[in-house]
Amino acid sequence: MSAYLDTYRSSRERILLLVRDLDDETASRTVPACPEWTCRDLVTHVASMPIAISVGDIPGEDGDAWIDSVLTANRSRSLDELATAWRDADEVLAAIIDGPGLALYYDLVVHEHDLRGALHRPGARAEPEVSMALQVSLDQLDQRVRGAGLAPLAVDVGDAVLRSHEGTPGCTITTDAWEALRGLNGRRTVDELRALPHDGDLERYLDPVAARFAFLTVGLDEV
């Protein structure tokens, strides 16, 4: 089995467990990291994309419009219905998750922790999928880092050094994988990212990082 599919399922099942018994008020709570969504919306979002793909609804050139459309199409489903359809998508996920579907993996892991923040239920920060999603995130930064004429951006997570691309890093951030994942994906202010221990000229990497996800203006105060 693909390591991506295996750990994707782990993240999915944790999310479904988190929301299984939510009351309506909590399900309607705004997600601070995604203030346009409630907790219910966030779960529908991560479930609706694989569900849509599994029935042949493939994103076109306007990916944002597709994301909005599949979220809208699944909003009326109960959480139990979503869970069943989501799990039923595994056969299609298995065929794409190591390739074009890898973005679904990264999206799920990041949003699991957005949901945990909204519910004040931190956890699963040391799971292997966090480091795996961090590497996907660094891979997604590759072209922007290279385009800025910069050497690799690296993160030293203790037992490994992850890089945006091969070569000697121009900057190495030293922190745990979870904090790096949050910091490089629009879940920290620029000053919070600057405060992380690092070796090299981090300032030169801030624009490539912000080109993917803008830095927050107010921190999330995640603990």
Side-chain angles (χ1 to χ4, degrees), residues 2-4 6-8 10-11 14 31-35 46 97-99 101-118 120-223:
S2 161
Y4 287 119
D6 188 32
T7 51
Y8 178 97
S10 296
S11 182
R14 288 194 301 269
V31 178
C34 308
V46 292
I97 201 162
D98 287 286
L102 192 55
L104 297 176
Y105 179 89
Y106 155 83
D107 190 67
L108 179 71
V109 177
V110 171
H111 282 317
E112 175 186 347
H113 295 281
D114 294 338
L115 177 65
R116 287 182 176 279
H120 310 297
R121 295 280 301 277
R125 295 180 178 182
E127 295 296 332
E129 46 268 40
V130 175
S131 292
M132 293 167 69
L134 174 58
Q135 183 59 67
V136 175
S137 175
L138 287 165
D139 292 342
Q140 292 174 341
L141 279 169
D142 180 8
Q143 288 189 338
R144 291 186 172 91
V145 170
R146 290 178 191 263
L150 298 172
L153 175 63
V155 182
D156 185 341
V157 297
D159 59 351
V161 178
L162 310 181
R163 294 173 171 83
S164 60
H165 57 282
E166 291 299 318
T168 302
C171 180
T172 300
I173 299 168
T174 301
T175 189
D176 61 82
W178 180 82
E179 184 60 42
L181 185 68
R182 305 303 280 167
L184 296 179
N185 291 280
R187 272 66 180 177
R188 295 291 181 264
T189 68
V190 66
D191 287 338
E192 287 172 333
L193 185 60
R194 284 181 176 130
L196 294 178
H198 59 274
D199 179 35
D201 189 0
L202 179 60
E203 291 297 315
R204 300 180 67 199
Y205 292 84
L206 296 179
D207 284 346
V209 170
R212 284 186 66 242
F213 294 103
F215 293 110
L216 297 178
T217 56
V218 179
L220 296 174
D221 294 325
E222 293 179 321
V223 296

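The figures that follow rest on heavy atoms only: side chains count, while hydrogens, waters and symmetry mates do not. If you read the sequence from its start, that first residue is 1, and numbering goes on from there.
Across all non-hydrogen atoms, the minimal contact from Leu184 to Phe213 is O-CD1, 4.5 Å. Across every non-hydrogen atom of Arg187 and Ala33, the tightest pair is NE-CB, 4.0 Å.
Checked by atom type, the side-chain pair Thr7/Tyr105 shows a donor-acceptor distance below 3.5 Å. Remark: the Ser11 side chain and the Glu129 side chain contain no N/O donor-acceptor pair separated by less than 3.5 Å.
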Residue pair Ile97, Leu104: steps toward the side-chain contact (heavy atoms from CB on, under 4.5 Å) verdict = CA-CA 7 Å; Ile97 201 162; Leu104 297 176; 5.7 Å; no
task = Please step through side-chain contact (heavy atoms from CB on, under 4.5 Å) for the pair Glu222 and Arg116, ending with a clear verdict.
result = CA-CA 10 Å; Glu222 293 179 321; Arg116 287 182 176 279; over 6 Å; no
Verdict with supporting geometry, Gln143 and Ser164, side-chain contact (heavy atoms from CB on, under 4.5 Å) = CA-CA 9 Å; Gln143 288 189 338; Ser164 60; over 6 Å; no
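In this structure, Val109 and Glu127 have side chains that are not in contact, with every pair of non-hydrogen atoms separated by 4.5 Å or more. A heavy-atom distance below 4.5 Å is found between the side chains of Leu220 and Arg182. Using a 4.5 Å cut-off on side-chain heavy atoms (C-beta onward), His198 and Asp156 make no contact.
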Please output the side-chain donor-acceptor pairs of residues 132-140 that fall under 3.5 Å, not counting sequence neighbours, one pair per line with the distance.
unit_1 : atom_1 : unit_2 : atom_2 : d
Gln135 : NE2    : Asp139 : OD1    : 2.9
Gln135 : NE2    : Arg163 : O      : 3.0
Ser137 : OG     : Asn185 : OD1    : 3.3
Ser137 : OG     : Asn185 : ND2    : 3.1
Ser137 : OG     : Arg212 : NH1    : 3.4
Gln140 : OE1    : Arg212 : NH2    : 2.5

Quiz: residues 167-178 side-chain donor-acceptor pairs under 3.5 angstrom, not counting sequence neighbours:
unit_1 : atom_1 : unit_2 : atom_2 : d
Asp176 : OD1    : Trp178 : N      : 3.1
Asp176 : OD1    : Glu179 : N      : 2.8
Trp178 : NE1    : His113 : ND1    : 3.2

Side-chain donor-acceptor distances from residues 147-155 under 3.5 Å, at least two apart:
none

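Atom CZ of Arg14 is separated from atom CZ of Arg121 by 12.5 Å, given to the nearest 0.5 angstrom. Note that OH of Tyr4 is 5.0 Å distant from CG of Leu102, once rounded to the nearest 0.5 Å. Atom CZ of Arg194 sits about 8.0 Å away from atom CZ of Phe215, to the nearest 0.5 Å.
In this structure, Glu203 places its CD atom where more than 12 heavy-atom neighbours from other residues, nucleotides or ligands lie under 6.0 Å away. Within 6.0 Å of atom CG in Asp221, 12 or fewer heavy atoms from other residues, nucleotides or ligands are found, so the atom counts as exposed in its surroundings. Around atom CG of Asp199, no more than 12 heavy atoms belonging to other residues, nucleotides or ligands sit under 6.0 Å away.
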